[in-house]
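Okay, so here's the structure we're looking at.
Atoms within each ligand, like the ligands themselves, are counted from 1 in listed order.
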Amino acid sequence: MRSAERGIQTTISESLPPLSTALWHHHHVLDLDDFTREEIEVVMDIADVMSEILQREVKRVPTLRGRTVVTMFYEPSTRTRASFELAAKSLSADTVSLDATRSSVAKGESLLDTLLTIQALGADIIVMRHQHSGAPYIAARHVKASIINAGDGWHAHPSQALLDIYTIRKHLGDLKDRKIAIIGDIMHSRVARSNIWGMTTMGAKVVLCGPPTLLSPGLKEFIAHCRPGQVTIETELENAIRDADVVMPLRLQIERQQSGLLPSLREYVQLYQINEEKLSIAKPHALVMHPGPMNEGIEISAGVARGAQSVIEEQVNNGVAVRMALLYLVAGGRGG
Ligand code: CP
């Protein structure tokens, strides 16, 4: 057992102890491209402890008492925002929820001014979603608070990838040499990009599959930076999901589609929807995952979404524990 985990387990009835900085080096969580396997495992181990806390009658520990967590969302969200807020409350942090459409952003305030204002109000951790790729990196350069990227443009969504990895580990034990098929709108998917980094770091083989127009021109260059041989591109759905351990269709991001990327929605459904027939090509007990929100009847059939192999609700549920672990870790990384 890891020393950090051992320490946590001995004091869990009270609160979580200060973190051993030997195992964790991140002041911010911007993506998983700079995470080692050991660091991902630390998140998983601590998420297990958080999961136990969430099963108690009183789902609260005083770990972040006196700390302020601000959620700052420039794009819509249900799961990520709600689970970060629940996670912060379960750790007894003070929480502020900033909706960009109802803040001074609507009056023209810049991102930087908003960040500095929030920092001046005492934010220790800022959980941020932004429509522009790279926005959390700019934030991280200008504020002392820890920045957690809750999704930036098409670029990254690290907490989603970590909860996906956590969910797979719960079912399959290990990701090493597991075949994970990510299907559909890869081009617009920040979830796919963060999952590629995280899953390959954990030893999985990731197959990306979709119509050629949704496998973006830069995808091959992106893959060239990943571990050799662990990420492949496939346009035939059957080849991608044959013997897969995990099948993850992605939401067809209609709001981000430029005209002409899809010949027709009907053809997309016919060729790429994960339904019972297509799922039968994967391993018999393959997990069906979806980061949400789903377009049921488009990238996934209702039967598969609610079927016995689906762990989609469990992903949402695990999101709270994983986000508690991240809040705890970035707070600990500041010497807490
Ligand atoms: N998976 C995800 O990011 O969902 P939300 O947009 O609801 O946060």
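For ligand 1, the polar-atom distance check finds an N/O of S77 within less than 3.5 Å of one of the ligand's N/O atoms. Distances between N or O atoms of G292 and those of ligand 1 include at least one value under 3.5 Å.
Regarding atom 2 (C) of ligand 1, its nearest protein heavy-atom neighbour is T80 OG1, 3.5 Å. Among protein heavy atoms, the minimum distance from atom 7 (O) of ligand 1 is reached at R79 NH1, 2.6 Å. Of the protein's non-hydrogen atoms, P291 O, 2.8 Å is the one closest to atom 1 (N) of ligand 1. Nearest protein heavy-atom neighbour of atom 6 (O) of ligand 1: R129 NH1, 2.9 Å.
Remark: R323 is positioned above the aromatic ring of F84, its terminal NZ or CZ atom under 6.0 angstrom from the ring centre and at most 45 degrees off the axis.
For the pair K283 and D245, the salt-bridge criterion is met [side-chain N within less than 4.0 Å of a carboxylate O].
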**Request:** With salt bridge (charged side-chain N to carboxylate O under 4.0 Å, His left out) as the test, would you mind laying out the steps for E85 and K89 before giving the verdict?
**Result:** CA-CA 6 Å; E85 286 174 9; K89 286 183 203 308; 5.8 Å; no
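Scored by the side chain to side chain contact (heavy atoms under 4.5 Å, CB included) test, P293 finds R79, R251 as partners (sequence neighbours excluded). In this view, L86 and V320 satisfy the side chain to side chain contact (heavy atoms under 4.5 Å, CB included) rule, not counting sequence neighbours.
Using bins of under 30°, 30° to 60° and over 60° for the plane-to-plane angle, the ring pair H155/Y137 lands in the perpendicular bin.
Under a 4.0 Å criterion applied to the non-hydrogen atoms of T78, ligand 1 contributes the atoms 5 (P), 7 (O), 8 (O).
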